[in-house]
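So you know, we letter chains A, B, ... as the sequences are listed, proteins then strands, and number each from 1.
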Protein chains: 2
Amino acid sequence: MAGRTRNTKSKRATLADVAKLAGVSAITVSRVLNHPDKVSDDLGHRVREAIDTLGYIPNQSASSLASARSQVIGVAIPSLSNIVFNDVLRGIYDVAGAGGYKVLMVDTHYSPIEEENMIRTLLSQSPEAMIVTGGDQTRACQRMLSSAAIPVVQMMEILEQPLDMNIGFSHFKAGLEVGKKLMACGYRRIGFIGARMDTRVQQRMAGFKEALQQRDLYHAELFTTTPSPSSIALGGELLRGLLSTSGGKLDAVFCCNDDLALGALFESQRMNLNVPKDIALCGFNDFETSAFVNPSLSSVHVPRYEMGVQAAQMILNVLKGVPNSEAQVDIGFELRMRHSTRMPSV
Amino acid sequence: MAGRTRNTKSKRATLADVAKLAGVSAITVSRVLNHPDKVSDDLGHRVREAIDTLGYIPNQSASSLASARSQVIGVAIPSLSNIVFNDVLRGIYDVAGAGGYKVLMVDTHYSPIEEENMIRTLLSQSPEAMIVTGGDQTRACQRMLSSAAIPVVQMMEILEQPLDMNIGFSHFKAGLEVGKKLMACGYRRIGFIGARMDTRVQQRMAGFKEALQQRDLYHAELFTTTPSPSSIALGGELLRGLLSTSGGKLDAVFCCNDDLALGALFESQRMNLNVPKDIALCGFNDFETSAFVNPSLSSVHVPRYEMGVQAAQMILNVLKGVPNSEAQVDIGFELRMRHSTRMPSV
DNA sequence: TCTGGTTATGATAGCGCAAACATTAGCGCC
DNA sequence: GGCGCTAATGTTTGCGCTATCATAACCAGA
């Protein structure tokens, strides 16, 4: 079969076929599928039998066209490699699926240009709602989303001017809190390593820098960033780089995510540096690994699955006509200090 | 906007609207979009301007209905939480996207019943091809897939009787090799911990057991399994359980995946057991973490991204009319022995 | 018996697009 | 100068379904 060049169209059964076999009109078959309560048990039975016999599967394109409802929710995320979005997606799929919606997901590869194209593609499927990541869409993209006149949720971060609905948390505040906490732990030569440097990472860094500056502990030479995508390997490299340029005078490092942090942790171990005595590490996102690795990794916990669930829930509410109490939801975050940092000296 | 109950349909622009504005017929607009080479530059320009002015986005439902081509590839995976499928998906998305296809993905939650329902849903979107996981679809599901008369790839494992095309590797052989290797390293009291126990994990275990039996080293009491989903936490628990029931007489453990293996590794460390001296560990899937953790984790490397890429490529080939040389591809695996096991005593 | 309502079913039209089949203009060529 | 060709554009039709309106059957109440 693999050598076959094109599928031989054996003419999928249609509503009309089912109707003929059951001896009813097409619309009755449609009703059996979409409004079963409006059909008598007798006919309903006959129709369902005919459906089984023919192996009838409705043509959703025709249905969408005729009813102007696609049962599709479009989702745009910046990356499929980043586990963070996996959890969010899972929440969206669980809720959307349970609500009878399909999810059409696209990966924008962190590029607003690509995002614009992919969202155009998504919109051509006439989704009934859209969930997109962050707020740095191109102007054209925002215009498309607005004129689509469907509910839109921007997720992952709190935005000043959401297009419509918004769920997330403040990455700036999170960075700020990490900074304050590390200083409270008594660290003074505090560094930062960041990768990818998308808007959310930039905000984390900005908040962190702000905290250090407030107590005059910001040292530009201790901040390293790269546009490369994050990985465990990269975390090790960046830490090594930072250690060498800072002349070893470094007592704590905030890593912009747990990939980098774990990489830094493993690299520290290979360099025989004791974490947290020689160097303290704090990550972001709180992967499952972070809680179990030795020493366990301090990190910022974010309710990702829950965020996906709520984003989808907000959408479903609007689609069902139930108003949401809030158009913007701050889902918060939680600093989880573990053994890769010492206890605050309070 | 969030309080709004339903979207006010501001009537999306249609082909006809664009045509009227550009002063051409509808089919010309259609051609500008789908066969630009068949339209004069002059008209092409005018039409594209009209499209921009109106912010026209084609209605894919109408297009699918009229052309009998949906540009959709359906994908069914058993779990979104399992990182393994993330990589495969990424490969599929990258290739399908580049080929101009959308991917409609569903999560079957490891349930053939749910899989059947979700595949029915997928088929109602008239996908031009399907990629599904493994071979344990229900009979009804297999019938649906066959009568859809579209290319189908079953992935993740090598099947005896594929529905159509197939890409994967032999989990049995992989388990067998792990068993042989551990014995070659000199281990004699060898255990197994497994979770979820889907068909692929069962095959890994069967192969592993086979290897041990061949040299009379299989001890049923050293094999622990649970239907619970894998996690790092669970890996620790299962190891603990195995150690207590085996009375500590255990020198190596094959974990059915790297989640469990990392959990077992971290738990060993917390119990002050030296890996690999007190206990050797081997995982499966080879996550990035496994190569960097200390001690680094022996594991079975599987080209997941590549598998997704090739699955999608096989599909695209058929859709383009290019025959695939093989309907079944064994993409193989590779044992990567690291420091969580000692070197073979050769 | 008739009225007015409800319930169950059917007939018709049209959603937006592209396939298939015209039509027209323009060209080279003998 | 007419033939046959190609390239560029248009007309018609129908994909499979559901919204809408019509119809038919039935029943309660006066």
Colleague: Could you give the CG-to-P distance, from A:Leu15 to C:dG10, as a whole number of Å?
Modeller: 13 Å
Colleague: Do A:Glu114 and A:Thr108 get their side chains close enough for a donor-acceptor pair, meaning under 3.5 Å?
Modeller: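 Checked: A:Glu114/A:Thr108 side chains show no N/O donor-acceptor pair below 3.5 Å.
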Colleague: Consider the side chain of B:Thr28, meaning its heavy atoms from C-beta on, and name the nucleotide among D:dC17, C:dT9, D:dG10 that approaches it most closely.
Modeller: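 Nucleotide nearest to B:Thr28's side chain: D:dG10.
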Colleague: Where do N or O atoms of nucleotides 22-26 of chain C meet protein N or O atoms at under 3.5 Å, pair by pair?
Modeller:
none

Colleague: Under the side chain to side chain contact (heavy atoms under 4.5 Å, CB included) criterion, do A:Glu116 and A:Gln137 qualify, and how do the steps go?
Modeller: CA-CA 7 Å; A:Glu116 181 182 326; A:Gln137 290 80 25; over 6 Å; no
Colleague: Identify each atom pair where a protein N or O and an N or O of nucleotides 19-28 of chain D are less than 3.5 Å apart, giving names and distance.
Modeller:
from   : atom 1 : to      : atom 2 : distance (Å)
D:dA19 : OP1    : A:Arg69 : NH2    : 3.3

Colleague: Is any side-chain N or O of B:Ser63 closer than 4.0 Å to OP1 or OP2 of C:dC17?
Modeller: no
Colleague: Report yes if the side chains of B:Tyr93 and A:Val106 come closer than 4.5 Å at any heavy-atom pair, otherwise no.
Modeller: no
Colleague: A:Ser30 side chain N/O closer than 4.0 Å to the phosphate oxygens (OP1, OP2) of D:dC17?
Modeller: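 The answer is no; no side-chain N or O of A:Ser30 sits under 4.0 Å from OP1 or OP2.
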Colleague: I'd like to know whether A:Val88 forms a side chain to side chain contact (heavy atoms under 4.5 Å, CB included) with A:Thr133, so could you lay out the CA-CA distance, the side-chain angles of the two residues, the decisive distance to 0.1 Å, and finally the verdict.
Modeller: CA-CA 11 Å; A:Val88 180; A:Thr133 306; over 6 Å; no
Colleague: Taking the nucleotide of DNA chain D with the nearest heavy atom to each, does B:Asp41 or B:Leu65 sit closer to the 5' end?
Modeller: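 Checking each residue's closest nucleotide, the 5'-ward one belongs to B:Asp41.
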Colleague: Could you check whether any side-chain heavy atom of A:Leu80 comes within less than 4.5 Å of a side-chain heavy atom of B:Asn86, counting everything from C-beta outward?
Modeller: yes
Colleague: Between A:Leu15 and A:Tyr56, is there a side-chain heavy-atom distance shorter than 4.5 Å?
Modeller: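 Yes. Closest side-chain heavy atoms under 4.5 Å.
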Colleague: To the nearest angstrom, how far is B:Asn34 atom CG from C:dA18 atom P?
Modeller: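 Atom CG in B:Asn34 sits about 5 Å away from atom P in C:dA18.
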Colleague: With a 4.5 Å limit on heavy-atom distance, are the side chains of B:Val75 and B:Met130 in contact?
Modeller: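 No, their side chains stay 4.5 Å or more apart.
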Colleague: Testing B:Asp136, B:Ile119, B:Leu123, B:Leu163 for side-chain contact (heavy atoms from CB on, under 4.5 Å) with B:Cys141, which one passes?
Modeller: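 Of the listed options, the one satisfying the test is B:Ile119.
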Colleague: Between atom CG in A:Asn59 and atom P in D:dC15, what is the gap in whole Å?
Modeller: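 Whole-Å distance recorded here is 12 Å.
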Colleague: Let me test you: for the helix from C:dT1-D:dA30 to C:dC30-D:dG1, what is the angle between the axes at its two ends (five pairs each), rounded to 10 degrees?
Modeller: 40°
Colleague: Nearest to the side chain of B:Ser40 - D:dA8, D:dC17, C:dT9?
Modeller: D:dA8
Colleague: In whole Å, what is the span from the NZ atom of A:Lys38 to the C1' atom of C:dG10?
Modeller: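 Value for this atom pair: 15 Å.
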Colleague: Quickly work out the B:Lys20 NZ to D:dT9 P distance and round it to whole Å.
Modeller: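 Whole-Å distance recorded here is 21 Å.
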Colleague: Take the protein atom CG of A:Leu33 and the nucleotide atom C1' of D:dG16, then report the distance between them rounded to whole Å.
Modeller: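 Nearest whole value for this atom pair: 13 Å.
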Colleague: What integer distance in Å separates A:Gln125:CD from C:dC17:C1'?
Modeller: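 Going from A:Gln125 (CD) to C:dC17 (C1'), I get 14 Å.
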Colleague: Apply the test side chain to side chain contact (heavy atoms under 4.5 Å, CB included) to residues A:Met156 and A:Arg304: give CA-CA distance (whole Å), side-chain angles for both, the deciding distance (0.1 Å), then the verdict.
Modeller: CA-CA 8 Å; A:Met156 300 309 294; A:Arg304 294 187 289 275; 5.6 Å; no
Colleague: Any heavy-atom pair between the side chains of B:Met155 and B:Ile77 that's under 4.5 Å?
Modeller: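 A side-chain contact under 4.5 Å exists here.
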Colleague: Answer whether the closest heavy-atom distance between the side chains of A:Val329 and A:Gln310 falls below 4.5 Å.
Modeller: yes
Colleague: Starting at CG of B:Asp42 and ending at C1' of D:dT9, how long is that distance when rounded to a whole Å?
Modeller: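 It is 12 Å, rounded to the nearest whole Å.
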Colleague: Starting from the C-alpha separation in whole Å, work towards a yes-or-no answer on side chain to side chain contact (heavy atoms under 4.5 Å, CB included) for A:Leu104 and A:Leu122.
Modeller: CA-CA 7 Å; A:Leu104 197 58; A:Leu122 274 183; 3.7 Å; yes
